[in-house]
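These numbers come from a predicted model, not from an experiment. Reminder, nothing fancy here: chain letters follow the sequence lines and each chain counts from 1.
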Protein chains: 2
Amino acid sequence: MSKKLNKRQIILDEAAKLFKLKGFGGTSMRDLAGEVGMEAASMYNHIKSKDEILEHLCFHVSDTYIAQLADVEQMSGSNGDKLKQLLRLHINLMLEDGAAVSVANNDWKYLTSGKLEQFKDARKQYEKGFAALIESGIAAGEFRPVNASVALFTILSAVRWVELWYRPGRGVTAQELEDDIMTILLNGLAKN
Amino acid sequence: MSKKLNKRQIILDEAAKLFKLKGFGGTSMRDLAGEVGMEAASMYNHIKSKDEILEHLCFHVSDTYIAQLADVEQMSGSNGDKLKQLLRLHINLMLEDGAAVSVANNDWKYLTSGKLEQFKDARKQYEKGFAALIESGIAAGEFRPVNASVALFTILSAVRWVELWYRPGRGVTAQELEDDIMTILLNGLAKN
DNA sequence: CTATTAAACTAACAAATGTTTGTTATTGCC
DNA sequence: GGCAATAACAAACATTTGTTAGTTTAATAG
């Protein structure tokens, strides 16, 4: 019984890696089975369908992001502090669960119709909360008076390369990474 | 004869839109044919294969980016000016050819083996030139002393949402867009 | 040891895929 | 009008796809 959950988890993990590498459409159940070390048909003892795998990966990520947003929203501190913390959590999920984040970022469009809208809604909810943080920062005079949507997407996108690029042992520690990204987004690249 | 090029172009344009919307793997030749207004088989009078379509779209984008880099490299002016100009061109291509850029960003992994490496090389070349600009800016004391790779990817990614989000008539003009992005990336979100 | 259950396998399925073939309609040119 | 080229079509192709059925092996409980 714990073995069952285990095998299922292996399939999900391996699927995340393969989907990230070759895309959802480019990954066949036989490919995946080969990676897991069993026949394609055997995987159906552990998962319901290929779509279910995708759904699991996507909603695992969106659920985590939304939970993190909720945590930050009830923090005390300046808007700058909250934004910093949210970004930190955001980056951390990428470092810890990069493959799943990659799938949620790139392959969500293959979700079947019901789940697709559900996922879009979740994303919109996250963006809304994030934007609200920026807007109150602007209103409080903490942030520059830029268009909040533009700032939102610039920041959220700025951070997306992490899961594509980061590998421990590339000469940049996770801490330096976070710090440099934060520096650029909050203080800019130019000196003054 | 000019009609032929025309139909081919229609297929390529429509393919870019569909690939952006549903992904390369999620778009069948019959889907595409439906959008173009002919039978799938008929398209083969104008194109060689589905892969050729993808190649055309990807390399059209990478070629343009590399040409823009070359232009900027032989500009005169500060590193800040050059970076600004390169970013402007970068953003502009997204606004003018958003669907193709989207395909080059998201579906390049479906390129067949020879072309895949070629595309990766082109991308690396662009990134290298871009990074060199940042590095000399740091060396000249114009930019903050952050890790150049981190800055590079933060900036390149920061700009990627444009093709997903921007639609004329969303209340933000292309000019405001460019300006706000540039402000955030160069001067940061925080008011010192 | 035996009975039961879980999880693996082989084989096959129907549907969808990219593409080829052979043929018909349309077009531009003398 | 007649000819050659272009571009459309319908039908079929060989594969590959996700998935199911049926069966066999391995693990567990009594």
Margin query: Need one value for A/Ser28: base, sugar-phosphate or nothing, where a base atom within 4.0 Å counts as base even if backbone is also close, heavy atoms only.
Written below: sugar-phosphate
Note to self: How many whole angstroms separate atom CG of B/Leu32 from atom P of C/dA16?
What the structure shows: 18 Å
Margin query: For A/Leu86, is there any backbone N or O sitting under 3.5 Å from a side-chain donor or acceptor partner on A/Gln68?
Written below: no
Item checked: Distance-minimising heavy-atom pair for B/Asp51 and B/Phe24 -> OD1-CZ, 3.8 Å
Next item on the list: Looking only at side-chain atoms of B/Tyr44, point me to the closest of C/dT19, D/dA21, D/dG18.
Entry: C/dT19
Next item on the list: Write down the distance between CG (A/Asp51) and P (D/dT19), rounded to a whole number of angstrom.
Entry: 6 Å
Item checked: Nearest-angstrom distance from the residue atom CG of B/Asn6 to P of D/dT6 -> 16 Å
Notebook entry, point to check: For D/dT6, does either OP1 or OP2 sit under 4.0 Å from a side-chain N or O belonging to B/Lys7?
Noted result: no
Margin query: Without decimals, in angstroms, what is the distance between A/Asn45 CG and D/dT20 C1'?
Written below: 12 Å
Margin query: With a 4.0 Å cutoff (strictly under), does any side-chain N or O of A/Ser42 reach OP1 or OP2 of C/dA7?
Written below: no
Notebook entry, point to check: Any Lys/Arg nitrogen of A/Glu14 or A/Lys17 sitting under 4.0 Å from an Asp/Glu carboxylate oxygen of the other?
Noted result: yes
Checklist line | Distance, rounded to the nearest Å, where A/Glu55 contributes CD and D/dG18 contributes P | finding: 15 Å
Item checked: Nucleotide C/dA7, atom C1' - distance to CD of A/Gln9 in whole Å -> 18 Å
Notebook entry, point to check: Are A/His46 and C/dA6 close enough that a side-chain N or O sits under 4.0 Å from OP1 or OP2?
Noted result: no
Checklist line | Gap between atoms CZ and P, on A/Arg30 and D/dT15 respectively (whole Å) | finding: 15 Å
Note to self: For B/Tyr65 and B/His60, which I'm curious about, is there any donor-acceptor pair between the side chains at under 3.5 Å?
What the structure shows: no
Check: If you find the nucleotide of DNA chain D closest to A/Lys50 and the one closest to B/Met38, which residue's nucleotide is nearer the 5' end?
Finding: B/Met38
Notebook entry, point to check: A/Glu39 near the nucleic acid: base, sugar-phosphate alone, or nothing, with a heavy-atom cut-off under 4.0 Å?
Noted result: base
Next item on the list: Take the protein atom CG of A/Asp31 and the nucleotide atom C1' of D/dT19, then report the distance between them rounded to whole Å.
Entry: 16 Å
Notebook entry, point to check: Under the criterion side-chain contact (heavy atoms from CB on, under 4.5 Å), which of A/Met38, A/Lys7, A/Arg8 is the partner of A/Met43?
Noted result: A/Met38
